[in-house]
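Right, one structure below, let's go through it.
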Amino acid sequence: MTGPDDEHAEVAAAAAALRDARFVAVLTGAGVSAESGVPTFRDALTGLWATFDPRELATPAAFARNPKRVWDWYAERRAQLARVEPNAAHRALVDIERQVPRFLLATQNVDGLHARAGSRALVELHGNLARVRCSACARKASRWDAPTDAAPPRCAACGAYLRPDVVWFDELLPAGALAAAEDAARSCDLMLVAGTSAEVYPAAGLPAAARAAGALVVEINVHETPLTPHVDVALRGPAGALLPALVRAAWPAAVR
Ligand code: BJW
Ligand code: ZN
């Protein structure tokens, strides 16, 4: 069991490492946006996969079987994003980026909230829900017709269905984004892993790569994850409280 004093000591230890780090890499997941009101995937009652079957919505096979169902589900989630704002966790990561010499934020989130908060050195490993691309020729679409009752809108160039520019199961991650995240994992001195269940690969392998290369790995999560036994410091609590607490403890004079 850990009490408040232990927690304070853990935050202080992580903050000291953060202050001394030359290259900070960060891996985020849906938990970082939970306090903005964006649902996570695997939380038992509130996660999207508690209500929806990912095999029917988040795979290329699902889109081939029922493109309209998949289009509509993502269109609904896209509309929800217009009603949410970045939270204190997103903002604290911007503060960290401004304080350390080298920084990379690799996010699994498709909600665009890190960019909206002001993060600059950012790679989106699983794409971005706001973007739409052709399912055949990959051309990006900035506008599209309303879907019909039976089908998603079509690509202006080749006529194939449009789809969300996100990474589904069984699909490759964007090569440049993944390479940048892997480079950062190999080169950083500190990796923060915040709000991810660490169950989806290859992103879930980044903390182990960082640790194998000698980095200190700090996990921030409301629950234990499969990663917890393998990190140096596990901070248990909401990212919207713990990340600002880390920033305040590392750079007391620089709090905005
Ligand atoms: C808080 C909080 C608060 C809550 N504060 N914390 C076996 C071994 C290795 C790999 C595989 C394998 N079997 C299959 C694979 C491959 C597969 C995979 O990893 N599957 C596993 C599930 C087993 N991976 C892939 O398919 C990837 N591609 C690939 O491997 O390509 C190679 C290949 C090609 C062809 C054939 C075979 C291989 C692609 C993965 C794409 C993932 N896509 C999704 C959907 C994106 C679009 C959409 O939004 O719909 O990405 S799935 C979903 O999971 C989404 C997320 O980015 C991703 C990760 O989830 P995340 O962010 O961790 O969220 P949760 O909900 O899981 O966790 C939230 C956490 O926050 C929890 O821990 C909470 O406790 C915590 N929390 N509130 C702090 N306030
Ligand atoms: Zn096309």
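When a ligand or atom number is given, it counts from 1 through the structure's own listing order.
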Note the single closest protein heavy atom to atom 38 (C) of ligand 1, along with its residue, its atom name and the distance in Å. Asp170 CA, 4.7 Å
Contacts of type salt bridge (charged side-chain N to carboxylate O under 4.0 Å, His left out), residue Arg22, not counting sequence neighbours: Asp189
The residue among Val231, Leu27, Thr196 that forms side chain to side chain contact (heavy atoms under 4.5 Å, CB included) with Glu219 is Val231
So which heavy atom in the protein is nearest atom 21 (C) of ligand 1, and how far is it from that ligand atom? Glu199 O, 3.4 Å
Would you check whether Trp73 has a nitrogen or oxygen atom less than 3.5 angstrom from a nitrogen or oxygen atom of ligand 1? no
of all protein heavy atoms, closest to atom 70 (C) of ligand 1 is Gly195 O, 3.4 Å
Around atom 31 (O) of ligand 1, find the nearest protein heavy atom and jot down its residue, atom name and distance. Glu171 O, 3.1 Å
closest protein heavy atom to atom 10 (C) of ligand 1 is Tyr201 CB, 3.6 Å
Identify which one of Val218, Asp232, Leu206, Val26 satisfies the side chain to side chain contact (heavy atoms under 4.5 Å, CB included) criterion when paired with Met191. Leu206
Rounded to 10°, how many degrees is the angle SG/Cys137-the Zn ion (ligand 2)-SG/Cys155? 110°
Among all protein heavy atoms, pick the one closest to atom 67 (O) of ligand 1 and tell me residue, atom and distance. Ser197 OG, 2.6 Å
The closest protein heavy-atom partner of atom 49 (O) of ligand 1 is Arg77 NH2, 2.7 Å
My understanding is that only residues two or more places apart in sequence, or in another chain, count here; which of them pass salt bridge (charged side-chain N to carboxylate O under 4.0 Å, His left out) with Asp149? none
Is any N or O atom of Ala30, backbone or side chain, closer than 3.5 Å to an N or O atom of ligand 1? yes
